[in-house]
Novice: 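Mind having a look at this structure? Questions to follow.
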Amino acid sequence: MDKQKFYITTSIAYANAAPHIGFALELLIADSIARYQRLLGKDVYFLTGTDEHGIKIYNTAQTKGLSPQQFVDEISNEFKELASKLNISYTDFIRTTDRNRHWPAAQRVWSQLATKGDIYLGHYQGYYCVNDEAYITETDYKSGAYDNKTVIELSEDNYMFKLSNYTSELQSAIGNTLQVVPAHRGKEILNFIKDGASDVSFSRQQDKLPWGIPVPDDNNHVMYVWSDALTNYISAIGYADDETKFNRYWPADVQVIGKDILRFHAMIWPAMLTGLGLQLPRNLLVHGFITSSGQKMSKSIGNVVSPNDLIDVYGVDATRYYLLAAIPTFDDGDYSPTRMQEVYTSNLANDLGNLVSRVMTLANKNFDGIIPQTPDHHILTDESIATWHQYFEEFAIDKAIGSVWEVVRNCNAYVDATKPWELSKTDQNAANQAIVNLLHTIKQLSVLLYPIIPDTCNQIRHQIGLHPINTDTISLDSELHASLPVGHQLSTSKILFPRIET
RNA sequence: CGCGGGGUAGAGCAGUUGGUAGCUCGUCAGGCUCAUAACCUGAAGGCCGUUGGUUCGAGUCCAACCCCCGCAACCA
């Protein structure tokens with residue numbers, strides 16, 4: 001295997017509730033990057049998964065009368081179903097309850113850090129809610145949410161991780177060996193640790209947290225979230241049991257996360273890796289949150305948007321398009337039914353769908369769908385292709401899509417400018433030429449948009465008589481530049497995005 | 001209090017090193033008929049948060065202030 005590797009991860013979703021649209025966004029960002037990298041011919045390893053330990057899960061399972069394992073099996077499946085419904089091209093799905101792959105790796109990480117002296121027995125001081133049987137944060141406590149419950153302040157033995165030892169390493173890594181995208185998120189972290197990072201607790205007492213990975217050599221303790229969940233990124237690729245695989249794929253090229261878990265991924269995780277003597281992930285891509293009609297999504301407001309509902313009404317690709325194109329990749333974005341309808345109708349049905357439809361009809365009417373000549377004009381310029389590449393390399397998915405849409409609009413303008421239906425009355429050859437030029441561009445679009453709306457791209461390719469994109473064998477250059485051969489037969493035309501009335 | 005982000009046409013956003021303010025959607029008016037009543041062209045619409053400063057000239061630099069959002073460490 002001489003292909004260049006590309007390792008990309010999403011965060012692992014916490015398996016205590018049904019999938020949220022925010023996680024759909026994260027899956028899609030990662031998926032579009034993974035697909036793009038495959039177009040470049042790389043051997044892409046795309047990891048996602050679920051985080052299945054912790055007191056919340058333990059308690060929720062009890063409430064439902066299920067064992068914790070039964071419960072997380074169910075939830076984990078829901079996440080897998082969402083991923084397949086969204087057409088996510090992941091290559092691996094890691095679960096933190098996986099005792100064959102994950103536990104040994106997490107325990108190995110622990111032992112190595114302990115041997116190095118980075119883990120010590122210290123004290124956790126904080127709040128604990130007796131009713132919920134859960135540790136809570138000071139912020140939670142002060143928020144008022146626990147006013148009716150019994151909250152005690154406690155101090156107990158916990159294993160701590162010497163994050164404080166790694167302050168200077170983190171400071172020199174962020175923005176260099178570890179790129180935080182967008183860069184201002186990195187600044188946020190640097191600012192935060194400028195007076196030094198504090199140690200974090202790595203374990204909880206087994207009697208209070210019965211659902212987790214045992215700490216090596218101490219039965220009274222169970223791993224707390226950081227040492228457990230963060231290691232998924234290396235446990236999945238064989239940190240404990242497959243050195244060859246591990247050496248091939250680590251370090252990760254991109255780790256996609258939400259802004260809520262930035263600190264853990266930009267501080268604790270790189271510190272752990274440094275302690276283990278491993279390289280840091282090259283990029284940490286931080287996306288924002290989705291608001292619902294301008295408001296924070298919350299159950300109490302009742303404005304939570306389910307990714308499944310969107311897919312049911314608009315289809316996978318329209319959902320993918322909305323989340324990737326209409327939500328800025330690096331910032332918060334808004335979802336509203338009105339905007340969804342607008343984006344669907346305007347961009348997908350009118351711009352793209354109608355373009356394909358009108359060109360197919362022209363091709364059938366003018367030369368029975370049999371390609372009569374080769375293109376002589378490029379609507380898609382090399383410059384546009386370069387821009388597309390650049391945005392994908394920068395992970396600015398929304399901008400990459402925007403650059404392609406310019407081409408779509410240029411195609412529509414080109415149809416109107418050349419007027420093949422009029423030309424054909426006086427100069428059939430010129431009319432055919434314009435149509436061939438358009439078909440060639442549509443073929444190119446089916447490649448450029450593949451990372452975003454893969455099904456649609458393959459449908460377009462089917463209509464113009466081409467095989468689906470096969471990223472195992474693709475050569476991006478020839479796929480983009482080779483024209484449909486003279487004599488090539490197009491297939492039948494079909495509406496890509498039917499109008500949806502609401 | 002502190003740190004980070006943001007305040008630009010009705011809405012959502014771009015605006016590189018300072019030099020006549022752009023894009024998408026929406027609105028209005030034309031054009032076209034190949035197409036999913038789709039497409040194309042044009043127009044209207046902005047004291048670029050406020051005030052002061054630097055400059056021949058600032059959305060773009062400096063200062064102060066106002067408003068919105070996030071973070072404020074164990075939230076899995």
Side-chain angles (χ1 to χ4, degrees), chain A residues 11-16 50-57 96 124-127 134-141 143 158 160-161 163 182 184-194 197-202 204 209 212 224-226 228-230 259-264 267-268 288-289 291 294 296 325-328 330-334 336 338-339 342-343 345-366 398-399 402 405-406 409 411-424 431 434-435 438 493-500:
Chain A
S11 64
I12 48 176
Y14 195 57
N16 71 336
T50 38
D51 175 15
E52 309 184 1
H53 290 129
I55 194 69
K56 282 190 187 171
I57 284 173
T96 55
Y124 164 83
Q125 285 196 342
Y127 299 90
Y135 298 89
I136 61 173
T137 65
E138 193 177 346
T139 314
D140 284 339
Y141 180 57
S143 73
N158 271 184
M160 307 288 289
F161 173 63
L163 181 60
H184 70 79
R185 296 280 179 205
K187 265 192 232 160
E188 210 174 300
I189 294 297
L190 287 174
N191 210 297
F192 188 67
I193 59 174
K194 67 170 185 286
S198 310
D199 294 346
V200 290
S201 63
F202 247 28
R204 285 293 192 253
L209 182 76
Y224 190 51
V225 57
W226 322 127
D228 175 348
L230 289 168
K259 64 180 185 180
D260 53 330
I261 52 175
L262 169 63
R263 290 202 177 157
F264 317 126
M267 292 169 28
I268 302 176
F289 285 166
T291 54
K296 207 169 185 173
I327 306 284
F330 305 142
D331 289 306
D332 290 354
D334 190 53
S336 73
T338 316
R339 185 101 197 283
E342 272 174 16
V343 167
T345 305
S346 165
N347 294 16
L348 295 175
N350 295 352
D351 290 342
L352 179 63
N354 183 54
L355 171 69
V356 173
S357 176
R358 65 199 302 210
V359 172
M360 283 300 290
T361 303
L362 285 168
N364 285 321
K365 284 190 179 172
N366 283 273
D398 55 328
K399 292 194 169 140
W405 236 254
E406 260 179 55
R409 295 201 176 90
C411 284
N412 275 319
Y414 183 80
V415 179
D416 279 68
T418 52
K419 295 183 176 56
W421 56 91
E422 205 171 289
L423 258 186
S424 65
I435 298 164
L438 284 159
S493 173
K494 199 183 155 218
I495 300 288
L496 291 170
F497 297 100
R499 308 192 77 72
I500 291 175

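Quick caveat, the model's predicted, so the values are computed rather than measured. The chains referred to below are lettered A, B, ... by the order of the sequence lines, with proteins before strands, and numbering in each begins at 1.
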Novice: From the list B:C25, B:A72, B:C74, which nucleotide is the closest neighbour of the side chain of A:Trp226?
Specialist: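 Nearest to the side chain of A:Trp226 among the choices is B:C74.
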Novice: As an exercise, state the distance from CZ of A:Arg185 to CD of A:Glu188, rounded to the nearest 0.5 Å.
Specialist: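 Separation between the atoms: 5.5 Å.
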Novice: For B:C25 and B:U41, measure between their P atoms and round to the nearest Å.
Specialist: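 Taking atom P in both B:C25 and B:U41, they lie 11 Å apart.
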Novice: Tell me which of A:Arg409 and A:Trp421 sits closer to the 5' end of RNA chain B, going by the nucleotide each one is nearest to.
Specialist: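 Nearer the 5' end of the strand: A:Arg409.
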Novice: Measure distances between side-chain N and O atoms of A:Ser201 and base N and O atoms of B:C74, and say whether any donor-acceptor pair falls under 3.5 Å.
Specialist: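 Counting by modelled atom types and ignoring angles, a donor-acceptor contact under 3.5 Å is found here.
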Novice: Would you indicate what A:Asp51 reaches in the nucleic acid, counting non-hydrogen atoms under 4.0 angstrom: base, sugar-phosphate, or nothing?
Specialist: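 Base contact.
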Novice: What is the distance from NZ of A:Lys419 to C1' of B:C34, rounded to the nearest Å?
Specialist: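 Taking atom C1' of B:C34 as the reference, NZ of A:Lys419 is at 12 Å.
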Novice: Paired with B:U41: which nucleotide, if any, by Watson-Crick or G-U wobble criteria at under 3.5 Å for both distances?
Specialist: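 When the pairing criteria are applied, B:A29 turns out to be the nucleotide that pairs with B:U41.
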Novice: In whole angstrom, what separates A:Phe330's CZ from B:C13's C1'?
Specialist: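 In whole Å, B:C13 C1' and A:Phe330 CZ are 15 Å from each other.
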Novice: Nearest to the A:Tyr224 side chain among B:C40, B:G5, B:C75, which nucleotide is it?
Specialist: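 Looking only at side-chain atoms, A:Tyr224 lies closest to B:C75.
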Novice: Closest to the A:Asp416 side chain: B:C74, B:C25, B:C34?
Specialist: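 My answer, after comparing the listed nucleotides, is B:C34.
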Novice: When all nucleic acid strands are considered with a 4.0 Å heavy-atom cut-off, which category describes A:Ser357: base, sugar-phosphate, or nothing?
Specialist: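 Base contact.
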Novice: Classify the nucleic acid contact of A:Leu496 as base, sugar-phosphate or nothing, counting any heavy atom under 4.0 Å across all strands shown.
Specialist: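 The answer is base, as A:Leu496 lies within the cut-off (heavy atoms under 4.0 Å) of a base atom.
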Novice: Please give the nucleotide sitting opposite B:C65 as a Watson-Crick or G-U wobble pair, both distances under 3.5 Å, or none.
Specialist: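 Base partner found: B:G49.
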Novice: Say you pick atom C1' in B:A14 and the same atom in B:G59; how far apart are they, in whole Å?
Specialist: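 Each nucleotide's C1' atom is 12 Å from the other's.
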Novice: Please determine, for the side chain of A:Phe497, which listed nucleotide (B:A73, B:C32, B:U36) has the closest atom?
Specialist: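 Given the options B:A73, B:C32, B:U36, the side chain of A:Phe497 is closest to B:U36.
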Novice: On RNA chain B, nearest-nucleotide positions of A:Leu362 versus A:Ala197: which is more 5'?
Specialist: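 Between the two, 5'-proximity favours A:Leu362.
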Novice: Please state how far atom CG in A:Asp334 lies from atom P in B:C68, giving the value in whole angstrom units.
Specialist: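 Atom CG in A:Asp334 sits about 19 Å away from atom P in B:C68.
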Novice: In Watson-Crick or G-U wobble terms, both distances under 3.5 Å, what is the partner of B:U54?
Specialist: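 Matched B:U54 with nothing under the 3.5 Å cut-off.
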Novice: Please state the C1' separation for the pair B:G7 and B:U60 - nearest whole angstrom.
Specialist: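 Per the computed distance, 15 Å lies between those C1' atoms.
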Novice: Quickly work out the A:Arg358 CZ to B:U33 C1' distance and round it to whole Å.
Specialist: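 That distance rounds to 9 Å.
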Novice: Could you go through A:Arg358 and A:Asp416, starting from their C-alpha distance and side-chain angles, then the distance that decides it, and tell me whether this counts as salt bridge (charged side-chain N to carboxylate O under 4.0 Å, His left out)?
Specialist: CA-CA 11 Å; A:Arg358 65 199 302 210; A:Asp416 279 68; 3.1 Å; yes
Novice: Is the backbone of A:Ile495 close enough, under 3.5 Å, to the side chain of A:Ser357 for a donor and an acceptor to pair up by distance?
Specialist: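 Pair absent, no side-chain N/O of A:Ser357 close to backbone of A:Ile495.
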Novice: Can you tell me the distance, in whole Å, between the CE atom of A:Met160 and the P atom of B:A73?
Specialist: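 So the two atoms are 14 Å apart, to the nearest Å.
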Novice: Looking at the side chain of A:Phe192, which of B:A72, B:U24, B:G4 is the nearest nucleotide?
Specialist: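 Taking heavy atoms from C-beta onward, the closest nucleotide is B:A72.
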Novice: Would you classify A:Met267 as touching base, sugar-phosphate or nothing, given that sugar-phosphate means primed atoms plus P, OP1 and OP2, and contacts are heavy atoms under 4.0 Å?
Specialist: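 Base contact.
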Novice: Taking the minimum atom-to-atom distance to the side chain of A:Ala349, which one of B:C75, B:U36, B:G5 wins?
Specialist: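 My answer, after comparing the listed nucleotides, is B:U36.
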Novice: Rounded to whole angstroms, how far apart are CG on A:Asp332 and P on B:G12?
Specialist: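 Atom CG in A:Asp332 sits about 14 Å away from atom P in B:G12.
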Novice: Examine distances only and state if a side-chain atom of A:Asn412 and a backbone atom of A:Asp351 form a donor-acceptor pair shorter than 3.5 Å.
Specialist: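 Here the side-chain-to-backbone pair exists.
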Novice: Under 4.0 angstrom, heavy atoms only, what part of the nucleic acid is A:Thr361 near: base, sugar-phosphate, or nothing?
Specialist: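 Since only primed, P, OP1 and OP2 atoms lie under 4.0 Å of A:Thr361, the category is sugar-phosphate.
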Novice: What's the gap between B:C40 and B:U33 when it is taken at their C1' atoms, as a whole Å value?
Specialist: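 One C1' to the other, the span is 12 Å.
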Novice: Out of B:C74, B:A37, B:C39, which has the shortest distance to the side chain of A:Asn350?
Specialist: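 Taking heavy atoms from C-beta onward, the closest nucleotide is B:C39.
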Novice: With a cut-off of 6.0 Å (strictly less than), are more than 12 heavy atoms of other residues, nucleotides or ligands near NZ of A:Lys259?
Specialist: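 More than 12 heavy atoms, drawn from other residues, nucleotides or ligands, come within 6.0 Å of this atom.
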Novice: As a test of reading the structure: which of B:C75, B:G5, B:A35 is closest to the side chain of A:Phe264, going by heavy atoms?
Specialist: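 Of the options given, the side chain of A:Phe264 lies nearest B:C75.
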Novice: Check the distance between B:A73's C1' and A:Arg263's CZ and give it to me in whole angstrom.
Specialist: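 The answer, rounded to whole Å, is 6 Å.
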Novice: Has A:Lys365 got a side-chain N or O lying under 4.0 Å from the OP1 or OP2 atom of B:A35?
Specialist: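 For B:A35, OP1/OP2 do have a side-chain N/O of A:Lys365 under 4.0 Å.
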Novice: Could you check whether the side chain of A:Asn354 and the base of B:A38 have a donor-acceptor pair of N or O atoms closer than 3.5 Å, going by distance alone?
Specialist: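 Per atom types, no contact qualifies.
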Novice: Base, sugar-phosphate alone, or nothing: which one does A:Phe289 contact when heavy atoms must sit under 4.0 Å apart?
Specialist: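 Nothing, no nucleic acid heavy atom in range.
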Novice: With rounding to whole Å, what would you report as the distance between B:A72 and B:C56 at their P atoms?
Specialist: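 That atom pair is separated by 47 Å.
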Novice: So what's B:A72 paired with, Watson-Crick or G-U wobble, going by both distances under 3.5 Å?
Specialist: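 Here B:A72 is not engaged in any pair, so there is no nucleotide opposite it.
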Novice: Hey, does A:Ile435 reach any base, or is it just sugar-phosphate, or nothing, if we go heavy atoms under 4.0 Å?
Specialist: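 No contact at all - A:Ile435 keeps every heavy atom at 4.0 Å or more from the nucleic acid.
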Novice: Nearest 0.5 Å, please: how far is CH2 in A:Trp405 from CG in A:Asn347?
Specialist: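 Answer for the CG-CH2 pair, A:Asn347 versus A:Trp405, is 6.0 Å.
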Novice: Is A:Gly353 touching bases, backbone alone, or none of the nucleic acid, heavy atoms closer than 4.0 Å?
Specialist: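 Touches a base.
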Novice: For atom C1', what is the distance between B:A37 and B:A44, given to the nearest Å?
Specialist: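 Rounded to whole Å, the distance is 25 Å.
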Novice: I'd like to check A:Phe202 versus A:Leu163 (side-chain heavy atoms, cut-off strictly below 4.5 Å). Are they in contact?
Specialist: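 Sidechains of A:Leu163 and A:Phe202: no contact.
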Novice: Closest to the A:Asn191 side chain: B:A72, B:C3, B:C34?
Specialist: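 That would be B:C3.
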Novice: Separation of A:Leu348 atom CG from B:A35 atom P, in whole Å?
Specialist: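 Spelled out: CG on A:Leu348 to P on B:A35 is 21 Å.
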Novice: Assess whether side-chain contact (heavy atoms from CB on, under 4.5 Å) is satisfied between A:Leu438 and A:Met360, documenting all intermediate values.
Specialist: CA-CA 10 Å; A:Leu438 284 159; A:Met360 283 300 290; over 6 Å; no
Novice: So which nucleotide does B:G22 pair with, by the Watson-Crick or G-U wobble rule with both distances under 3.5 Å?
Specialist: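 Pairing partner: B:C13.
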Novice: Give me the distance, rounded to whole Å, that separates B:A9 from B:C23 when you measure between the P atoms they each carry.
Specialist: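 To the nearest whole Å, 15 Å.
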Novice: Say whether, by atom type as modelled, one donor and one acceptor occur between the side chain of A:Asn16 and the main chain of A:Ile57 under 3.5 angstrom.
Specialist: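 No, the answer is negative, given that no donor and acceptor are paired below the 3.5 Å cut-off.
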Novice: Can you tell me how far P in B:G42 sits from the matching atom in B:C68, rounded to whole Å?
Specialist: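 To the nearest whole Å, 41 Å.
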